[in-house]
K.L.:
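Take a look at this one; I'll ask things after.
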Amino acid sequence: MVSAALASSLARRNIHYGWVVVAATFLTMLVTAGAMGAPGVLIKPLQDEFGWETSQISSALAIRLILFGFMGPFAAAFMNYFGVRKVIVFALALIGAGFIGSLFMTKLWHLLALWGIVVGFGTGLTAMVLAATVSTRWFVKHRGLVVGMLSASSATGQLVFLPLMAELTERYGWRATVFFVCAMIMVAALLVLLFMRDRPSDVNLPSLGETQVAPAPAATTLSAALMTPITTLKEISATSTFWILFATFFICGLSTNGLIQTHFVTLCGDFGIVPVAAASVLAVMGIFDFFGTIGSGWLSDRFDNRWLLFWYYGLRGLSLLYLPFSDFSFYGLSIFAVFYGLDWIATVPPTVKIAADRFGREKAGLVFGWVFAGHQLGAATAAYGAGLSRTELSSYLPAFFVAGAFCLLASILAITLKKSGLTNPVPAAAH
């Protein structure tokens, strides 16, 4: 097998195969996030071709975001039962099918079914839970850094491809962007088939930072695997830690991909900024996010994660409250892009670390899956709410003021977490 030979070759050079898995996961999350971000530059073309209102298109995007989130806990269960590699390949095929089908849509319900349900299910299988699963299975040492890298790939993928997508859409129509997304998905699927493996034991290695090869858990039935997210939710819902993480991540989604990723290009259009230029601002955010989130992962290995979340949410809230006063000038948007970009998804590494430390490594993926469901509920709320604000009030700005205020609330919630919850993991049998 390619992976076994490569693992042996890397081991002779003192390089752990986990980094190859991280690279394959990084590309997967980058591509699927690009697919998630694509509709942000397609709202106006769809309005022009089909006559749909912003709120109608936003409803499809909201459905996608809800499914994207609520698939998280079950995605972790599917990965435990079927294996990470099979789940990723199936997810990529599902996303590709949704985009290819959209080439032939003519009615609003087609959009709801394809971009809402099909793409929502597919992207949900490769959401942040994938990052949590890979990092906790393959790494003990550098886990926070790995979470930061994979989180950065997701957020960066949502933004960095947008200028190219906007250019393709402007020159050749929105269907050209759909073809581009499908091509990226095919490349990612091929590399996953070649290099992705489910656990370190598949290539006879311990997790990085351990000395013993951990055997794979005993096989279980599919029905038991599907019940695991439900039983896990029942256990963790009795703790205040879970509900604080859920609430803060709801606000995280409310203030990031549900608002900025979905509506920023159209918002800039309201102020006379063409789509390619607006998408370029998002790409700048993506670049700064890449470094900000990796930096956050490094910090989460070294500092109190509660205070990291306090600063991240607080600064994000201030940047959102500043945006309506930026006059949408080049300098104003540049300042916003830098500060907001550094903080785009920097909240993920501290949140994953708190979940793993409090609830244990084996359940970290499932716990984070439910926390991430809160994120996507917030994202769906913002995706639909901001679209409704523009339709009913002819302005997106009220949605930005609301999101900024909620971020300040999240910063306060973060520091109410008990410090003991960060250092005393709950045993697997008692949460």
Side-chain angles (χ1 to χ4, degrees), residues 22-43 45-46 60-61 64-65 67-68 71 88-89 91-103 114-116 118-131 149-192 253 256-258 260-265 275-276 278-290 293 341 344-345 348 376 379 383:
V22 167
T25 307
F26 186 98
L27 178 64
T28 298
M29 297 184 69
L30 188 76
V31 168
T32 56
M36 281 288 291
V41 299
L42 302 180
I43 292 177
L46 292 177
L61 305 185
R64 177 200 57 173
L65 290 168
L67 290 175
F68 182 69
M71 279 300 294
I88 291 176
V89 172
L92 291 172
L94 203 59
I95 297 167
F99 273 92
I100 290 172
S102 69
L103 294 171
L114 293 167
W115 285 8
V118 177
V119 174
F121 271 118
T123 53
L125 290 172
T126 55
M128 287 295 177
V129 174
L130 176 60
M149 292 171 63
L150 297 180
S151 303
S153 74
S154 181
T156 301
Q158 293 173 11
L159 303 176
V160 76
F161 291 119
L162 288 179
L164 175 57
M165 292 178 179
E167 184 71 22
L168 286 172
T169 302
E170 190 172 279
R171 286 178 176 267
Y172 306 108
W174 64 269
R175 289 174 178 82
T177 296
V178 170
F179 281 119
F180 173 70
V181 171
C182 292
M184 292 195 302
I185 288 171
M186 289 179 62
V187 172
L190 177 61
L191 293 178
V192 167
T256 53
N257 55 345
I260 295 293
Q261 175 195 327
T262 304
H263 293 291
F264 185 78
V265 172
V276 174
S280 297
V281 175
L282 287 174
V284 171
M285 291 183 203
I287 293 169
F288 279 91
D289 161 76
F290 183 81
T293 307
W344 170 267
I345 205 164
V348 172
Q376 294 309 109

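Heads up: numbering here begins at 1 and tracks the sequence.
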K.L.:
Which value, rounded to the nearest 0.5 Å, describes the distance between Trp174 atom CH2 and Ile43 atom CD1?
P.N.:
13.5 Å
K.L.:
Are side-chain heavy atoms of Ser102 and Val178 found at a separation under 4.5 Å?
P.N.:
yes
K.L.:
Which heavy atom of Met285 sits nearest to which heavy atom of Ile260, and what is that distance?
P.N.:
SD-CG2, 4.1 Å
K.L.:
State the CD1-CG distance between Ile88 and Leu130, to the nearest 0.5 angstrom.
P.N.:
4.5 Å
K.L.:
A side-chain contact here means heavy atoms from C-beta on lying under 4.5 Å apart; do Met165 and Val181 qualify?
P.N.:
yes
K.L.:
Could you pull out all residues at least two apart from Thr123 that satisfy side chain to side chain donor-acceptor pair (under 3.5 Å)?
P.N.:
none
K.L.:
Taking side-chain contact (heavy atoms from CB on, under 4.5 Å) as the test, write out the residues that go with Met71, two or more places apart.
P.N.:
Phe78, Phe121, Leu125
K.L.:
Tell me the closest heavy-atom pair linking Ala38 and Thr177, and the distance in Å.
P.N.:
CB-CG2, 4.4 Å
K.L.:
What are the two closest heavy atoms between Thr126 and Met29, and how far apart are they?
P.N.:
O-CG, 4.2 Å
K.L.:
If you compare all heavy atoms of Val192 against all heavy atoms of Ala24, which two are closest, and at what distance to 0.1 Å?
P.N.:
CG2-O, 4.4 Å
K.L.:
Does Thr25 have any side chain to side chain donor-acceptor pair (under 3.5 Å) partners at least two apart in sequence or in another chain, and if so, which?
P.N.:
none
K.L.:
Go through the structure and list residues passing side-chain contact (heavy atoms from CB on, under 4.5 Å) with Tyr172, not counting sequence neighbours.
P.N.:
Leu168, Ala176
K.L.:
Go through the steps for Phe161 and Leu30 under the test side-chain contact (heavy atoms from CB on, under 4.5 Å), then give the verdict.
P.N.:
CA-CA 9 Å; Phe161 291 119; Leu30 188 76; 4.0 Å; yes
K.L.:
Looking at residues at least two apart in the chain, or sitting in another chain, which of them share a salt bridge (Lys or Arg N to Asp or Glu O under 4.0 Å) with Glu170?
P.N.:
none
K.L.:
Out of curiosity, Leu94 CG to Ile185 CD1, how far, rounded to the nearest 0.5 Å?
P.N.:
10.0 Å
K.L.:
Which residues pass the ring-ring contact (aromatic ring centres under 6.0 Å, His included) test with Phe99, not counting sequence neighbours?
P.N.:
Trp115
K.L.:
How many angstroms lie between atom OG1 of Thr169 and atom CG of Leu164, to the nearest 0.5 angstrom?
P.N.:
9.0 Å
K.L.:
Grab the two heavy atoms, one from Cys182 and one from Gly96, that are nearest each other, plus how far apart they are.
P.N.:
SG-O, 4.1 Å
K.L.:
Roughly how far, to the nearest 0.5 Å, is CG of Leu27 from CG of Leu191?
P.N.:
5.5 Å
K.L.:
Any idea which heavy atoms bring Gly122 and Ala91 closest together, and the distance?
P.N.:
O-CB, 3.4 Å
